[in-house]
Amino acid sequence: MKTRRPIIAGNWKMHRTLGEAESLVQGLLIELPDLADVDVVLCPPFTALAKVADLVAKSPVRVGAQDMHWEKEGAFTGEISATMLRDVYCRYVILGHSERRQYFGETNASVNRKAKAALAASLRPIVCVGETLDQREKEDFKGMIRTQVRESLAEISGDDAEEVIVAYEPVWAIGTGRNATPAQAQEIHALVRATLAEQMGAKTAARIRIQYGGSVKPANAAEILSQTDIDGALVGGASLEARGFAAIVKAAI
Ligand code: PGA
């Protein structure tokens with residue numbers, strides 16, 4: 001029996017206009033089970049955050065952003081601050097997603113600045129780590145994942161650390177339909193937790209939730225989520241369809 005409360009987050013990426021977001025959320029609110037034993041977070045694009053927050057306001061569903069800047073305000077064209085996210089009722093923010101690392105130059109150091117700024121603004125960061133196929137085949141990818149965890153969460157401890165969610169997403173499993181086997185995922189989740197324990201102490205590490213991400217779908221969710229150190233899922237493609245996402249949430253309960 002796991003003591004950590006499972007958390008399922010839907011990462012909509014660059015999908016859904018306002019009208020489309022509204023139909024998706026309305027569908028979800030019908031399909032979702034009782035959420036007494038699971039946290040559910042929707043992460044739409046910035047433009048739909050306020051709308052989605054409004055639509056789920058009377059439900060236990062929470063809203064998260066897909067990125068943010070570490071400064072509170074300033075001359076940073078195109079950026080959004082934690083204060084602005086709080087202003088539209090965000091409670092979570094995804095940081096260091098592999099697509100941001102790969103296409104937009106995100107580094108462990110920038111993820112760390114953002115994570116600290118998010119926590120200071122009472123936003124829970126979902127900090128993503130994971131290896132590419134090349135790294136898995138050619139490098140010490142476990143060492144690389146340990147470094148991602150250590151550097152992305154540097155100088156975060158105690159109560160703040162317990163607010164953090166780590167998402168392990170093997171990059172080769174994202175959007176490819178090719179998921180890690182439950183045993184492969186569990187092995188890296190245990191490694192992430194051991195790294196957190198070295199950094200923050202065993203007690204804190206035991207409380208931090210670690211999500212798996214990468215081609216999670218209704219058909220594989222239950223088996224993945226049953227692993228000892230897997231406390232939820234970060235879902236991309238399958239979060240864009242109400243019934244499928246609700247089925248993943250049900251698998252977590
Ligand atoms: P996927 O995406 O579920 O479409 O593989 C997961 C993610 O990128 O967070």
Side-chain angles (χ1 to χ4, degrees), residues 6-16 20-21 24 28 31 38-46 48-49 52 61-68 90-106 111 114-115 118 124-136 141 145 148-149 152 164-182 184-185 188-189 192 209-225 227 230-252:
I7 176 163
I8 306 295
N11 174 10
W12 294 8
K13 309 193 179 181
M14 198 170 74
H15 294 286
R16 300 298 180 254
E20 292 164 352
L24 177 54
L28 260 177
E31 297 286 341
V38 58
D39 288 335
V40 173
V41 185
L42 304 181
C43 303
F46 289 128
L49 282 172
V52 172
V61 175
R62 296 285 178 260
V63 173
Q66 298 173 17
D67 188 26
M68 58 169 255
C90 271
R91 302 286 191 87
Y92 294 82
V93 58
I94 299 171
L95 296 176
H97 188 278
S98 63
E99 285 147 21
R100 301 239 35 110
R101 293 178 186 264
Q102 193 177 345
Y103 306 130
F104 303 101
E106 192 82 82
V111 173
K114 292 176 180 191
R124 291 185 168 143
I126 299 176
V127 173
C128 304
V129 299
E131 80 287 2
T132 62
L133 191 56
D134 220 41
Q135 287 164 333
R136 190 173 187 103
F141 83 95
I145 287 172
Q148 284 183 331
V149 171
S152 302
V164 171
I165 293 114
V166 178
Y168 167 60
E169 301 200 300
V171 179
W172 47 272
I174 294 178
T176 56
R178 181 178 164 192
N179 62 293
T181 64
Q184 276 176 326
I188 304 304
H189 278 239
V192 169
R209 295 178 291 180
I210 309 175
Q211 293 177 314
Y212 172 78
S215 298
V216 175
K217 37 188 183 266
N220 60 23
E223 205 189 348
I224 290 171
L225 292 167
Q227 303 297 309
I230 301 187
D231 308 309
L234 182 54
V235 185
S239 72
L240 295 170
E241 199 268 307
R243 191 164 296 173
F245 187 66
I248 295 169
V249 172
K250 283 175 199 153

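Atoms within each ligand, like the ligands themselves, are counted from 1 in listed order.
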For ligand 1, which atoms have a heavy atom of [X] less than 4.0 angstrom away?
X	value
Gly214	5 (O)
His97	7 (C), 8 (O), 9 (O)
Gly175	1 (P), 4 (O), 5 (O)
Ala173	5 (O)
Glu169	6 (C), 7 (C), 8 (O), 9 (O)

Original post:
Who's the nearest protein heavy-atom neighbour of atom 3 (O) of ligand 1, and how far?
Top reply: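 Heavy-atom neighbour on the protein nearest atom 3 (O) of ligand 1: Gly236 N, 2.8 Å.
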
Would [X] count as a polar contact of ligand 1, with the cut-off being nitrogen or oxygen pairs under 3.5 Å?
X	result
Gly237	yes
Lys13	yes
Ile174	no
Gly213	no

Is there side-chain contact between [X] and [Y], with at least one heavy-atom pair below 4.5 Å?
X	Y	answer
Val111	Arg100	no
Arg101	Val171	no
Asn179	Val216	no
Ile210	Ile230	no

Main chain of [Y], side chain of [X]: is a donor-acceptor contact present, judged purely on distance under 3.5 Å?
X	Y	result
Tyr212	Ala180	yes
Asp39	Arg62	no
Arg16	Leu240	yes

Subject >> Region of Asn11 that comes within reach of ligand 1 [heavy atoms, distance under 4.0 Å] >> reply: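 The side chain, only.
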
Subject >> Arg136 atom CZ: more than 12 heavy-atom contacts under 6.0 Å >> reply: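 Correct, the count exceeds 12.
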
